[in-house]
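Take a look at the structure set out below.
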Protein chains: 2
Amino acid sequence: MKKSQLCPRFEEAMSILSKRWTGLIIYQLLSGKQRFCTIESAIGISGRLLSERLKDLEKQGIVKRDIFPETPVRIEYSLTEKGLALEPIMKELEKWSQTWIETEAISTSE
Amino acid sequence: MKKSQLCPRFEEAMSILSKRWTGLIIYQLLSGKQRFCTIESAIGISGRLLSERLKDLEKQGIVKRDIFPETPVRIEYSLTEKGLALEPIMKELEKWSQTWIETEAISTSE
DNA sequence: TATACTAACTTACATAAAGTAACTTAATAA
DNA sequence: TTATTAAGTTACTTTATGTAAGTTAGTATA
């Protein structure tokens, strides 16, 4: 593949957000720590992909995983400092969407 | 697919940014109007996908396309008002990347 | 007149990522 | 012994992306 002329840090940051579901997972966790099944139903992602994304985000130091050995086991996901620092981006995107996205224009194919 | 509990506007906005290349194209166009081949080499995208993404972005009213019937033809892409309004998001992501992304950690597989 | 050149695509095909549904694991309760 | 539950994982299909070659239109050059 061709090499870009962009700042590698910015490119890396964008590659995180431009992976499907990643942004919504982070957005969802901004409202506080929560469990796998809560995130799953809140954003409508499948277990297979949520599992994959959470592993990636943990590896990148954006998400933290805490295990509570109850029955059945409880696992809570939350944002690290690095993850929480993404809040301004989400807030700006929220603002933009409220100004520029019309509800009517959204495809309702599902 | 399951339905999410998120604001449809925000979800739609995120779906734009979380499509591969879209964010980089918008970022690139923030530095001013430019031609197909310029964007192509600046961000390292293939012609096939750049063409596809620019069409989508035009349809969404984020990008404008101007034709100059010279020889060979010149076509200039630029951001609309809606597209320019995404600048704060890009600036915040730039800030975040400079604080939290280490250059060493970026995979150099290409 | 025939061939070359250029930007901006498009097509055809291979590979990678995402969607879907069924299955697994471990601890404990009925 | 069977059932229940959260948190995944596996197997398989469909969609998206990567890659390279081909197309189009208007000149310019041999």
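Just so we're on the same page: letters track the sequence lines, and every chain starts at 1. Hydrogens, waters and symmetry mates are skipped; everything else that's a heavy atom, side chains included, is used.
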Between A:Ile25 (CD1) and C:dA18 (P), how many Å, whole number? 11 Å
May I ask you to decide whether A:Asp56 forms a salt bridge with A:Lys19, counting only side-chain N to carboxylate O separations under 4.0 Å? yes
Mind calculating the distance between CD1 (B:Ile67) and P (D:dA25) to the nearest angstrom? 14 Å
C:dG19 phosphate, OP1 or OP2, under 4.0 Å from A:Trp21 side-chain N/O: yes
Would you mind reading off the bend of the helix from C:dT1-D:dA30 to C:dA30-D:dT1 from its two end axes, five pairs each, to 10 degrees? 30°
For atom CD1 of A:Ile39 and atom P of D:dG8, their distance in whole Å: 10 Å
C:dA27 phosphate, OP1 or OP2: any side-chain N/O from A:Thr71 under 4.0 angstrom? no
A:Glu76 with A:Arg74: basic N within carboxylate O range, under 4.0 Å: yes
Could you check whether B:Glu92 pairs with B:Lys95 (Lys NZ or Arg NE/NH1/NH2 to Asp/Glu carboxylate O, under 4.0 Å)? yes
Listed by chain and number, what are the salt bridge (charged side-chain N to carboxylate O under 4.0 Å, His left out) partners of A:Lys82, not counting sequence neighbours? none
Short N-O contact, A:Glu94 and A:Lys91, less than 4.0 angstrom: yes
Suppose we screen for side chain to side chain donor-acceptor pair (under 3.5 Å). Which residues come up paired with A:Glu81, at least two apart in sequence or across chains? none
Residues passing the salt bridge (charged side-chain N to carboxylate O under 4.0 Å, His left out) test with A:Arg48, sequence neighbours excluded, are A:Glu52
Calculate the interatomic distance between A:Lys19 atom NZ and C:dA16 atom C1'; express it in whole Å. 11 Å
Going by ring pair (Phe, Tyr, Trp, His ring centres under 6.0 Å), name the residues that satisfy it together with A:Phe36, two or more places apart in sequence or in a different chain. none
Where along nucleotides 4-14 of chain C does protein come under 4.0 Å, by heavy atom, of base (B) or sugar-phosphate alone (S), with - for untouched nucleotides? --BSSSBBB--
Whole angstrom is fine here: how far is it from CG in B:Leu50 over to C1' in D:dA20? 17 Å
Side chain of B:Arg20 - closest among D:dG18, D:dT27, C:dG19: D:dG18
Does one side chain, of B:Gln34 or B:Gln28, offer a donor that lies under 3.5 Å from an acceptor on the other? yes
